[in-house]
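Numbering of ligands and ligand atoms starts at 1, following listing order.
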Amino acid sequence: MTDPRTTGHVLEPTVFELSHPGRSGYRLPELDVPSADLTEVLGASNLRSAPPELPELSEPEVVRHFTRLAEMNFHIDRAIYPLGSCTMKYNPKINEEMAGLPGFAGVHPEAAAGECQGAISLIYNLGRMLAEISGMDEVSLQPPAGASGELAGMLMVRAYLADQGNPRSKVIVPDTAHGTNPASLTLAGYESVEIPSGPDGRIDVQALVAAVDEETAAFMITNPNTLGVFENRIADIAEIVHGIGGVLYLDGANLNASLGVVRPGDVGFDVMHFNLHKTFSTPHGGGGPGSGPVGVKSFLADYLPSPVVRRDERKARGLEFDFDYDRPKSIGKVHAVYGNFLVAVKAYAYILTLGPKGLRRVAENAVLNANYLQTKLEPFFELPYGGLCQHEFVLSAARQKKQGVTALDVAKRLLDYGIHSPTAYFPLVVKEALMIEPTETESRASLDRFVDVMRAIAEESASSPELVTGAPTGTPVSRLDESRAARELDVAWGKS
Ligand SMILES: *Cc1c(COP(=O)(O)O)cnc(C)c1O
């Protein structure tokens, strides 16, 4: 293993600091319409008293600035990004090309349905594809994130149960649940009831039986769960939850493990969300925006966010595709217009590129890659929940902790080797957790390099722990105060 890079970097100035009066990267075309006096057109009170303070730069200055910034950062176009639960797979560039087509990129959000039948048909078709993939009956693409899909799902559960006479008061989650699950159900007005997992990392069915009662509105499950373990008793669980009149929710963030292999709707789930920015290769992290469509069985369809897209092949109203706003039982809107449309275009391109067989191979290779890594890394880190994993697995840095090195230190040291950290300290049931998800888009060589680096860090932890606890040294900045930027927001710039 070669030494990680140790050269210092100069912090990049802001575009405002780089600005020089008079520089420009763009020229407006010649005016080919009559000129008008702005005061007359807009009214004097609507005009600025001084021009806006915009940075003035040439095109190469702008390009170089953003290229330097991109080089300072980690992204999926640079190296493996094994951030567990986030499915940081490579985002194929054909998706971007399709989303850039003028007919999609240029469509106005308020365009009348008759003027954008192609765009609406894409929304309709993607919804049908997700329904087919998941075994759900209807899908709405409106929610802009997984968490938003969860909230929409919980609001639909509440509306449905209220229609039955009682919205009920509690929703059950396992102790391995993602933090958004209790947050979403709380926002929807429910109380969170957490049940412990069994020693194998799966839902403890006896604990579930003890927790359910006539106040249970729903049970939210992630499958495979956040330990990368497949919940194999869904049929029993569905019987228990349905037996008391509750609804079974699937957090579909981990769908990458089961695409084309098992359909949630076939095994008892009533409502679920998808994360297009995970499973379906649309960008996420700082690059978003995201998309968290929500799918339901037909008994919940009346409650879907409004509007829904309808197809009428006979074109009774003159249009084949149209938005249906006449939804008296709908939970209402969860996002402006119809969700993040261009994200839907990218996911649609991805699904069409791969086809049914390709999607199944995604899941197969994601699981194969994770098991390969798990086997190769087990000698160097503790593996609290062993056995075959799904698309991800959770190591513990407990052994390294005895040498004075924490999971956070390992995460930081990886940056020195040019690799993004796994998810650390989640799920909460594992001490010093390092949650690793390679995804299907990594080659054998890329996985092997990750193994070499992790082994090198385990060896450093034993022989010279200060190398690990002092990391990173090769990044533009070293360890930052992780919460200060959020608590003391300061976005001021310019001549202060
Ligand atoms: C990512 C994730 C979520 C939340 O999805 P967002 O799109 O980030 O809001 C929920 N549950 C699990 C298991 C996740 O991995």
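In this pair, F280 and Y350 present their aromatic rings perpendicular. The plane angle is above 60°, beyond the 30 to 60° band. Taking the six-membered ring where tryptophan is involved, the planes of Y160 and Y303 are perpendicular, since the angle between them exceeds 60° and thus also 30°.
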For ligand 1, which of its N or O atoms have a protein N or O partner closer than 3.5 Å, and how long is each gap?
unit_1	atom_1	unit_2	atom_2	d
ligand 1	5 (O)	N275	ND2	3.0
ligand 1	7 (O)	G146	N	2.8
ligand 1	7 (O)	N275	ND2	3.1
ligand 1	7 (O)	H277	NE2	2.6
ligand 1	9 (O)	G146	N	3.3
ligand 1	9 (O)	A147	N	2.8
ligand 1	11 (N)	D251	OD1	3.3
ligand 1	11 (N)	D251	OD2	2.5
ligand 1	15 (O)	S85	O	2.8
ligand 1	15 (O)	S85	OG	2.5
ligand 1	15 (O)	K278	NZ	2.8

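Of all the heavy atoms in F380 and K376, the pair that sits closest is CE1-O, 3.4 Å.
With hydrogens and angles ignored, the 3.5 Å screen pairs a side-chain donor or acceptor of D204 with a backbone N or O of A207.
A salt bridge is defined here as a Lys NZ or Arg NE, NH1 or NH2 lying under 4.0 Å from an Asp or Glu carboxylate O, and R413 with D409 fails to meet this definition.
Defined by atom type and a distance below 3.5 Å, a donor-acceptor pair is missing between the side-chain atoms of T222 and N225.
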